[in-house]
Undergrad: 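First the structure, which I've put down as structure tokens, then a few questions once you've had a look.
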Amino acid sequence: MEPFERRYASALADPNIATGLLAFQRSWRDSRDAQVSDIERSCGRSFESLRDELAAVKERVRLQWDASIEEFSVRAREAGSVVVQVTTPKEACDYIAQLCRARGVKVVVKGKSMVSEEIGLNAHLESVGIAAVETDLGEWLLQLAGEHPSHLVMPAIHKRAAQIAELLTRVLGRRFAADDIDAMVKSVRTELREQFLTAGLGLSGANALVMESGTVLLVCNEGNNRMSVGIPPVHVVTAGAEKLVPTFADAMTQVRLLARSATGQPITTYTNFVTGPRPGQEQHILLIDNGRTAMAADPDIASALGCIRCGACANVCPPYAVVGGHGFGHVYTGAIGLVNTPFHHGIDAAAGPQSLCVSCGACAKVCPVDIPLPTQILEVRRKVAEERGLPPLRRLALRAFTSRRLVAGATRVAAALTLPLRRGGFTRLPGLSRQTSWRSLPAVPIRPARQRAEVRKPQAQPVLPDPPLAGRRVLLFLQCLSDRLAPDIVVATTRLLRAAGAEVVVPRRQHCCGLPAYDSGDWRSARAMAEQTIATLQSADDVVTPAPSCVVTMVGEYERLFRDDRDAQWPRRAARLAPRVHDLVSYLSGPARLATGVLDNGDREPVTVHRFCQSGNVLGHTDQMETLLRDLCGVPVRPLEENGVCCGFGGSTSLTAPEVAAGILDRKLTCVDDTRAATLVTDNPGCVLHLRGGADAGGRRLRVLHVAEYLAEHLPA
Amino acid sequence: MAMQTQLLNRFRERADEAGSTVHIIPDSAGLRGTVELVAPDGRVALAPRFAASRPRIVASLGPRAVVITGENPVATAAGCPVGMMAGELAVAETGSVLVVEDELSDRVVSMLCQTLIQVVPGSKLVATLDDTAAWLSARGGGAGRAGYAALITGPSRTADIERSLTIGVQGASRVHVVIVEAE
């Protein structure tokens, strides 16, 4: 496989990839959502209940790993299979090559098997003079093109029809029209028919291994799998033991979830239950470890073994849509690929791909086995940072960032130095075009929010009638980004909370919740800032912040930073802080709920709303912002297509893979263009700066406001 | 009776969504007519288990009938545009037919014939995949017993190229399910 940097660059250079994958993701999403809504009508169970059940089944098997393998092996052997456990890819490849030699096999036909990709089987067989022929249409096409699959389920999805027509024309020597997909598909039937009939060995993977009967579950739409396993005199199965499920009933739970998540179908055309060899055939089942035992032993990663290889995580992933599986993955692609690659192929193979994850949380929402992929990817990122080290400049910057004073000083210097370059609210830096051609950098204000009079001192300002926060004290958590680069957001937040009747207190020593360091894999620096933040916010009062990204960190991730502590002090303090922390939108929708129309000043200029990805995927927000805008201000809100999909800021990804961030940003701004709204409202300061910068760089006349800024604009004078 | 009609309707709806055509006939006398309707000419490959249990349809098909045996099953079935076989269960939840095809000679009909006709007794209509699992468990669970069963749901298909759906890849491109009510 080519090095990551080369794969990344090639993907970006091929315009077909991004266009094709965006269309694919959108079309898949519609079918998948329709199927998931339909599950309950179809079988009386909800997606969530099936998912929880399958996750529990998989966990039970993991906890009895050896016993489960034993039970399956006994049954499969009773049915006439040879069952072998191997540890390394080499052992697996050697076994299969030796079997081929012993049986005089010259051609192997393959149904789809990701494990066979994982162990590099095709290359090994070719090296000993045995032809391995892929029979799945997508895999066959890629084999002709000399490429590896870019997706778990749809291996050639990164290719357009025209490219495939050109490939087939070249390889088969007859003309294929660019839009005649039917003819291209039919060619696989004629070209492969002979191979199925003459191959000495058929190889498959396993979607599940049913313990109660020693049965291999194989799902397939084309029909190639049943031919590969049924016709040749030898059938070999390459699978990981994580595919074990106790019963047929468990297998059906998986069947109900798999096709719906993979292809947006209720079920595949063929759902095969293969038990033992057919009469006249021999069957060998290879259970390959290759790091799976290590995964099972890692408490943070073990649940990733529940993966049923549906590909849904790739199908909702914004970075995946920009670069495809060859960039966003290794052998295994998509979010799950970022998690299991360190174990199957080493930490170095995972380092590049994992850097593309923006932590938006979309993958976890659709995973049919409830794997906490976003957190697991951050664990991988931490390992990469610890084992390979962060780039020295970054390491230094993150370490320096733990000091509030240093950051304050550096910001003052940056503000002074860039003052001559400020224009229109942005810093116009010549050069640095890889970072700035697609997103203008914000101006660095001379005075941060914490030094603004409106924030520091209680201002005489009108309090709204029936103020919901009368008599309440609220601690304001500024967020480092808003404080230093977008103080207007903080000012607006303060004004709103005071208008609602609160006494707003701004703890002086507050700095950063630790997210930037956490997101970069530097958990030591993140922990230092977490301790500092917890100490600063110690009180009985509610903490409100305009940054839901900080809420996600404080409420969801702090316990992870302290999990190795033997002393319970910090975990306890973090647990006491968590329920007190609120993002502004939640607060205004709950404790600080204002009266309908109280911010209605007659402004009816339509707006549209982008919801910070984690607000939806992690905090569970739905349409709270739209409701606030409509109820409080009476303003028309135009629906935004893909309103909860990431804007592409993604913290460190913005810096290390700006092309990916730019691609995701473009997707978002194109949806915004379609609403024809002149104002975009969002709930996260990171999104605000990213979208504002993107709109400016693209020459769009679009006002981008934090919801606090929008609402505060509508406060009575 | 009402339950049966409900199940039948649900089966037909789901099978239809999957691209199969469902025929409901009162008894096996209607089989010949169904074949006439679906495939008026061409050789009809008959899966061995099906042929053994339905000698009348074999006879009525006359020279069109090709009973698959252990002799060159692949080549024989490949040469027949139509195939006929038995289904063990018809599953209403998904519109699928569960087939048992232990031998290669049993499998080739559903593997290779472009038009596939599956005949299922009405009494073998079940509601869910859970019922199917119970059937499979009873048949082979707890004692490793070699065998091959499959749920077939509509014609073969792929969307590997730009997610554009094409029907008919390696397996059948037309699937007809015949439910025989009286059986």
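On a predicted model such as this, the values are computed, not experimentally measured, just so you know. Order of the sequence lines fixes the chain letters, A, B, ..., with proteins taken first and strands second; residue numbering starts at 1 for each chain.
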Undergrad: Name the member of B:Ala172, B:Pro155, B:Ala78, B:Gly70 that forms the most heavy-atom pairs with chain A at distances under 4.5 Å.
TA: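 The candidate making the most pairs under 4.5 Å is B:Pro155.
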Undergrad: Hey, does A:Asn224 have a side-chain heavy atom less than 4.5 Å from the side chain of B:Val169?
TA: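 The answer is no, as the side chains (C-beta and beyond) never meet within the 4.5 Å cut-off.
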Undergrad: If I measure from the heavy atoms of chain A, does B:Leu165 come under 4.5 Å with its side chain, its backbone, both, or neither?
TA: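 For B:Leu165, no heavy atom lies under 4.5 Å from chain A.
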Undergrad: Using the rule given for side chain to side chain contact (heavy atoms under 4.5 Å, CB included), can you reason through B:Thr94 versus A:Gln265, listing the C-alpha separation, both sets of side-chain angles and the distance that settles it, and then say yes or no?
TA: CA-CA 10 Å; B:Thr94 49; A:Gln265 304 170 271; over 6 Å; no
Undergrad: What is the minimum heavy-atom distance between B:Ser156 and A:Tyr270, and which atoms define it?
TA: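 Shortest heavy-atom separation between B:Ser156 and A:Tyr270 comes out as CB-OH, 3.6 Å.
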Undergrad: Top residue by heavy-atom pair count (under 4.5 Å) with chain B, among A:Asp136, A:Val229, A:Ile181, A:Leu192?
TA: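 With the most close heavy-atom pairs to chain B, the winner is A:Ile181.
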Undergrad: B:Ala18, B:Gly154, B:Gly147: which one forms the most heavy-atom pairs within less than 4.5 Å of chain A?
TA: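 Of the options given, most contacts go to B:Gly147.
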Undergrad: Of all of A:Pro266, A:Gly20, A:Cys43, which one pairs up most often with chain B through heavy atoms under 4.5 Å apart?
TA: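 The candidate making the most pairs under 4.5 Å is A:Cys43.
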Undergrad: Show the nearest heavy-atom pair for residues A:Ala79 and B:Ala146, with the distance to one decimal.
TA: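 What the structure gives for the nearest pair is O-CB, 3.4 Å.
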Undergrad: Side chains of B:Arg14 and A:Ser42, heavy atoms from C-beta outward: is any pair under 4.5 Å?
TA: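 The answer is yes, as the side chains (C-beta and beyond) meet within the 4.5 Å cut-off.
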Undergrad: Considering only heavy atoms, which portion of B:Asp102 lies under 4.5 Å from any heavy atom of chain A: side chain, backbone, both, or neither?
TA: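 For B:Asp102, backbone heavy atoms alone lie under 4.5 Å from chain A.
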Undergrad: Given side chain to side chain contact (heavy atoms under 4.5 Å, CB included), test A:Ser213 with B:Arg145 step by step and report yes or no.
TA: CA-CA 7 Å; A:Ser213 52; B:Arg145 178 194 168 289; over 6 Å; no
Undergrad: Can you tell me if CZ on B:Arg32 sees more than 12 non-hydrogen neighbours from other groups inside 6.0 Å?
TA: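 Check passes, neighbour count above 12.
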Undergrad: Top residue by heavy-atom pair count (under 4.5 Å) with chain B, among A:Asn221, A:Asp250, A:Leu217?
TA: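 Looking at each of A:Asn221, A:Asp250, A:Leu217 in turn, A:Asn221 comes out on top.
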Undergrad: Side chain, backbone, both or neither: which part of A:Lys186 has a non-hydrogen atom closer than 4.5 Å to chain B?
TA: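 Only the side chain of A:Lys186 comes within 4.5 Å of chain B.
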Undergrad: Drop me the distance from B:Tyr148's OH to A:Asn272's CG, to the nearest 0.5 angstrom.
TA: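 Atom-to-atom, B:Tyr148:OH and A:Asn272:CG are 3.5 Å apart.
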Undergrad: Where does A:Leu137 contact chain B at under 4.5 Å (heavy atoms): side chain, backbone, both or neither?
TA: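 Looking at A:Leu137, backbone and side chain both touch chain B.
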Undergrad: Count the heavy-atom pairs under 4.5 Å between each of A:Arg41, A:Met184, A:Glu139, A:Glu222 and chain B, then report the option with the highest count.
TA: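 With the most close heavy-atom pairs to chain B, the winner is A:Glu222.
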Undergrad: Suppose the criterion is ring-ring contact (aromatic ring centres under 6.0 Å, His included): which pairs have a residue in residues 29-61 of chain B, not counting sequence neighbours?
TA: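 Qualifying pairs: none.
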Undergrad: Go through B:Ser110 and A:Arg226 one step at a time and tell me if the side chain to side chain contact (heavy atoms under 4.5 Å, CB included) criterion holds.
TA: CA-CA 10 Å; B:Ser110 64; A:Arg226 43 203 327 256; 3.0 Å; yes
Undergrad: Which answer fits A:Leu218, side chain, backbone, both or neither, if we ask what part of it has an atom under 4.5 Å from a heavy atom of chain B?
TA: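 Contact with chain B involves no heavy atom of A:Leu218 at all.
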Undergrad: So, taking the atom named CD in B:Glu162 and the one named CZ in A:Phe24, what distance separates them when rounded to the nearest 0.5 Å?
TA: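 Spacing of CD (B:Glu162) from CZ (A:Phe24) equals 11.5 Å.
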Undergrad: With rounding to the nearest 0.5 Å, note down the distance linking CZ in A:Phe273 to CG in B:Leu98.
TA: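 Answer rounded to 0.5 Å: 7.5 Å.
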Undergrad: Just so I understand: if I count every heavy-atom pair under 4.5 Å between each of A:Pro279, A:Gly138, A:Gly280 and chain B, which residue has the most?
TA: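 Highest number of heavy-atom pairs under 4.5 Å: A:Pro279.
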Undergrad: Using heavy-atom distances under 4.5 Å, tell me whether A:Val216 contacts chain B through its side chain, its backbone, both, or neither.
TA: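 When you check distances to chain B, no heavy atom of A:Val216 falls under 4.5 Å.
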Undergrad: Heavy-atom cut-off 4.5 Å, strictly under: side chain, backbone, both or neither for A:Leu141 against chain B?
TA: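 Interface part for A:Leu141: side chain.
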Undergrad: Is it true that A:Arg256 and B:Glu93 have a side-chain N and a carboxylate O under 4.0 angstrom from each other?
TA: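 Salt bridge present between A:Arg256 and B:Glu93.
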Undergrad: Please rank B:Ile152, B:Thr128, B:Val108, B:Val99 by heavy-atom pairs under 4.5 Å with chain A and give me the top one.
TA: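 Maximum pair count with chain A is reached by B:Ile152.
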Undergrad: Does any N or O in the side chain of B:Arg163 come within less than 3.5 Å of the main-chain N or O of A:Thr263, such that one atom is a donor and the other an acceptor?
TA: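 A pair under 3.5 Å: yes.
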Undergrad: Answer with side chain, backbone, both or neither: which region of B:Ser96 has an atom nearer than 4.5 Å to a non-hydrogen atom of chain A?
TA: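 For B:Ser96, the side chain is the part near chain A, not the backbone.
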Undergrad: Examine whether an atom of A:Arg77 lies under 4.5 Å from a heavy atom of chain B, and if so say whether it belongs to the side chain, the backbone or both; otherwise answer neither.
TA: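 For A:Arg77, no heavy atom lies under 4.5 Å from chain B.
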Undergrad: Run the side chain to side chain contact (heavy atoms under 4.5 Å, CB included) check on B:Met111 and A:Ile231 step by step: do they pass?
TA: CA-CA 10 Å; B:Met111 251 187 218; A:Ile231 298 176; 4.0 Å; yes
Undergrad: Among A:Val188, A:Thr269, A:Val185, which residue satisfies the side-chain contact (heavy atoms from CB on, under 4.5 Å) criterion with B:Thr158?
TA: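 Among the candidates, only A:Val185 passes.
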Undergrad: Considering only heavy atoms, which portion of B:Ala159 lies under 4.5 Å from any heavy atom of chain A: side chain, backbone, both, or neither?
TA: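 When you check distances to chain A, atoms from both the backbone and side chain of B:Ala159 fall under 4.5 Å.
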Undergrad: State the OG1-CG distance between A:Thr275 and B:Leu136, to the nearest 0.5 angstrom.
TA: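 The distance works out to 8.5 Å.
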Undergrad: Need one label for B:Pro73: side chain, backbone, both or neither, based on atoms under 4.5 Å from any heavy atom in chain A.
TA: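 For B:Pro73, there is no contact with chain A at all, as no heavy atom is under 4.5 Å.
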Undergrad: Under a 4.5 Å cutoff for heavy-atom pairs, which residue among B:Ser164, B:Gly95, B:Ala149, B:Ala127 has the most contacts with chain A?
TA: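 Heavy-atom pair counts peak at B:Ala149.
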Undergrad: Sort A:Thr268 into side chain, backbone, both or neither according to what part of it lies under 4.5 angstrom from a heavy atom of chain B.
TA: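 Answer is backbone: N, CA, C or O of A:Thr268 sit under 4.5 Å from chain B.
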Undergrad: Between A:Arg193 and B:Gln170, is any pair of side-chain heavy atoms under 4.5 Å apart?
TA: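 Of all side-chain heavy-atom pairs linking B:Gln170 with A:Arg193, at least one is under 4.5 Å.
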Undergrad: Which distance, rounded to the nearest 0.5 Å, do you find between the CG of B:Leu129 and the CD of A:Gln254?
TA: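 The CG atom of B:Leu129 sits 12.5 Å away from the CD atom of A:Gln254.
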Undergrad: Quick one: what part of A:Ile267 sits under 4.5 Å from any heavy atom of chain B, side chain, backbone, both or neither?
TA: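 Side chain only.
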Undergrad: Report the option among B:Ala134, B:Gly168, B:Ala92, B:Ala75 that has the most heavy-atom pairs separated by less than 4.5 Å from atoms of chain A.
TA: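 Ranked by heavy-atom pairs under 4.5 Å with chain A, first place is B:Gly168.
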Undergrad: Looking at side-chain heavy atoms only, is the closest gap between A:Met252 and B:Leu151 below 4.5 Å?
TA: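 When only atoms from C-beta onward are counted, B:Leu151 and A:Met252 do touch, with a gap below 4.5 Å.
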Undergrad: Can you tell me which portion of A:Thr247 sits under 4.5 Å from chain B's heavy atoms? Options are side chain, backbone, both or neither.
TA: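 Nothing of A:Thr247, per the 4.5 Å heavy-atom cut-off to chain B.
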Undergrad: Can you tell which of A:Gln283, A:Arg278, A:Arg189 has the highest number of heavy-atom pairs within less than 4.5 Å of chain B?
TA: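 Greatest number of close heavy-atom pairs with chain B: A:Arg189.
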